[in-house]
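Residue numbers count from 1 along this sequence. Read the numbers this way: they start at 1 and go in the same order the structure lists the ligands and their atoms.
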Amino acid sequence: MTGNNPTAKTLGELGATNAEAVAQVFAKVQADFDGQAQTHSHDVDAWKLFVVAWTGRKSGVLSQITDNWLKSAPKDLKPVVGQEVNKLKSHVEAVLEEKREEMEASADQAAAARDAIDLSLPGVDRAIGTRHLIRQTYEELQRIFLSIGFSVVEGPEIETPYYNFEALNIPEHHPARDNMDTFYIEGSKVGHLLRTHTSPMQIRTMEKQKAPVRIVVPGKVYRRDNPDSTHGYMFHQIEGLAVDTDITFCDFKGTVEYFVREFLGPKAKTRLRPSYFPFTEPSAEVDATCHVCGGSGCRVCKFSGWIELFGAGMVNPAVYGFVNYDAERLSGFAFGMGIDRLAMMKYGVSELPLLFQNDIRFLSQFP
Ligand code: 2NL
């Protein structure tokens with residue numbers, strides 16, 4: 001009640017001097033109350049203020065009416081006013097209670113609607129990743145070598161010059177040690193470097209374990225290179241090593257041919273070309289008949305019918321000296337292949353960077 005507040009005055013001052021006039025004043029107050037109850041019932045905060053404004057103990061409208069209208073009423077009118085006050089009070093109480101129940105129910109309903117889960121809606125469809133093409137290729141290579149008795153060994157990417165070069169019969173001042181090819185770790189007193197092949201792990205294995213040895217070593221290797229469509233400064237390699245008392249060039253050739261047929265299919269033929277590596281003697285490049293034309297000649301094999309797959313050879317006896325193996329009694333073969341190169345060849349990928357850009361449009365072609 002604001003402004004011209006009738007409850008601040010007495011009934012006499014309002015001109016209500018008989019029962020009829022009193023009833024009219026109370027009817028007006030009750031209509032006022034009903035109107036306000038209607039407007040404020042839609043907003044919880046407004047409703048709270050409204051309730052206090054009418055029922056507040058000190059300055060609520062009902063208290064004001066009791067104080068200013070009932071107490072000051074002349075004796076003959078008092079019973080009438082008393083009755084009207086009681087009627088108004090019970091009306092107010094009944095309306096407030098009714099509205100309170102209504103509002104509680106609709107709040108409960110709203111909360112229930114908010115929390116309701118529609119079980120008939122379709123679920124969220126999250127794409128499941130696939131194995132990267134390099135890993136798929138690696139797993140195929142691993143399967144082939146596990147099937148003929150090799151086991152898998154892995155090791156560190158940061159190495160010492162001894163394991164990466166010395167023990168592999170690559171002496172100081174050998175061109176393969178050139179700064180152009182190798183990343184050295186800045187500030188390392190012993191000249192730590194990023195391995196340029198996974199051979200160091202084969203040396204470590206032979207140091208720890210007597211012959212026979214049959215292992216493959218997969219992993220990342222690093223070489224300083226100018227990046228282009230087929231070169232980066234990191235690639236994935238898998239090297240293999242077999243050492244025993246009576247391993248011959250025949251074992252070497254048979255293993256290589258078995259591998260090529262498993263990897264490229266039963267029709268693939270193998271060819272060995274003389275090559276050179278400091279750690280094998282003799283050394284060979286292993287070629288296979290072109291997987292695109294089958295050997296008749298095409299653009300992919302530059303019309304030669306052959307594709308170069310990897311390098312290999314019989315372990316150079318000089319290497320055995322570094323790991324305390326008896327070079328008179330033992331012999332073996334070794335090979336090293338670039339997994340990325342093999343993947344590009346087998347799956348017809350022409351740009352190496354595609355393998356490392358994580359572009360879903362490329363990756364999803366190899367599910
Ligand atoms: C290539 C050629 C090769 C080896 C790696 C090797 C390891 C030891 C002893 C002898 Cl411990 N050889 N590894 C042998 C021949 C070739 O790699 O082109 N790799 C990408």
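With Pro218 as the fixed residue, the side-chain contact (heavy atoms from CB on, under 4.5 Å) test singles out one of Glu154, Met201, Glu139: Glu154.
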Please tabulate, one pair per line, all N/O donor-acceptor pairs under 3.5 Å involving side-chain atoms of residues 290-299, not counting sequence neighbours.
residue: His291; atom: NE2; partner: Met345; partner atom: O; Å: 2.9
residue: Ser296; atom: OG; partner: Cys293; partner atom: O; Å: 3.2

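Taking every non-hydrogen atom of Gln202 and a distance limit under 4.0 Å, the qualifying atoms of ligand 1 come out as 7 (C), 11 (Cl).
Stacking of Lys346 on the aromatic ring of Phe263 is recorded, both the 6.0 Å distance cut-off and the 45° axial limit being met. Cation-pi geometry between Arg204 and Tyr163 is met: the NZ or CZ atom falls under 6.0 Å from the ring centre, inside 45° of the normal.
Distance from atom 4 (C) of ligand 1 to its nearest protein heavy atom, with residue and atom name: Phe279 CE1, 3.4 Å. Ranking protein heavy atoms by distance to atom 16 (C) of ligand 1, first place goes to Gly311 O, 3.4 Å. The nearest protein atom to atom 13 (N) of ligand 1, hydrogens excluded, is given as Glu239 OE1, 2.9 Å; this is a heavy-atom distance. Atom 2 (C) of ligand 1 has its closest protein heavy atom at Gly336 O, 3.5 Å.
A salt bridge links Arg273 with Glu308: the distance from a Lys NZ or Arg NE/NH1/NH2 to an Asp or Glu carboxylate oxygen falls below 4.0 Å.
Atom-to-atom distance recorded for Gln237:CD and Ile339:CD1 is 8.0 Å, nearest 0.5 angstrom.
Using a 4.5 Å cut-off on side-chain heavy atoms (C-beta onward), Val221 and His236 make no contact.
Ligand 1 has at least one atom lying under 4.0 Å from a heavy atom of Leu168. For the pair Phe277 and ligand 1, a heavy-atom separation below 4.0 Å is found.
For His197, no heavy-atom contact with ligand 1 is shorter than 4.0 Å.
Considering backbone and side-chain atoms alike, Gln237 places an N or O below 3.5 Å from some N or O of ligand 1.
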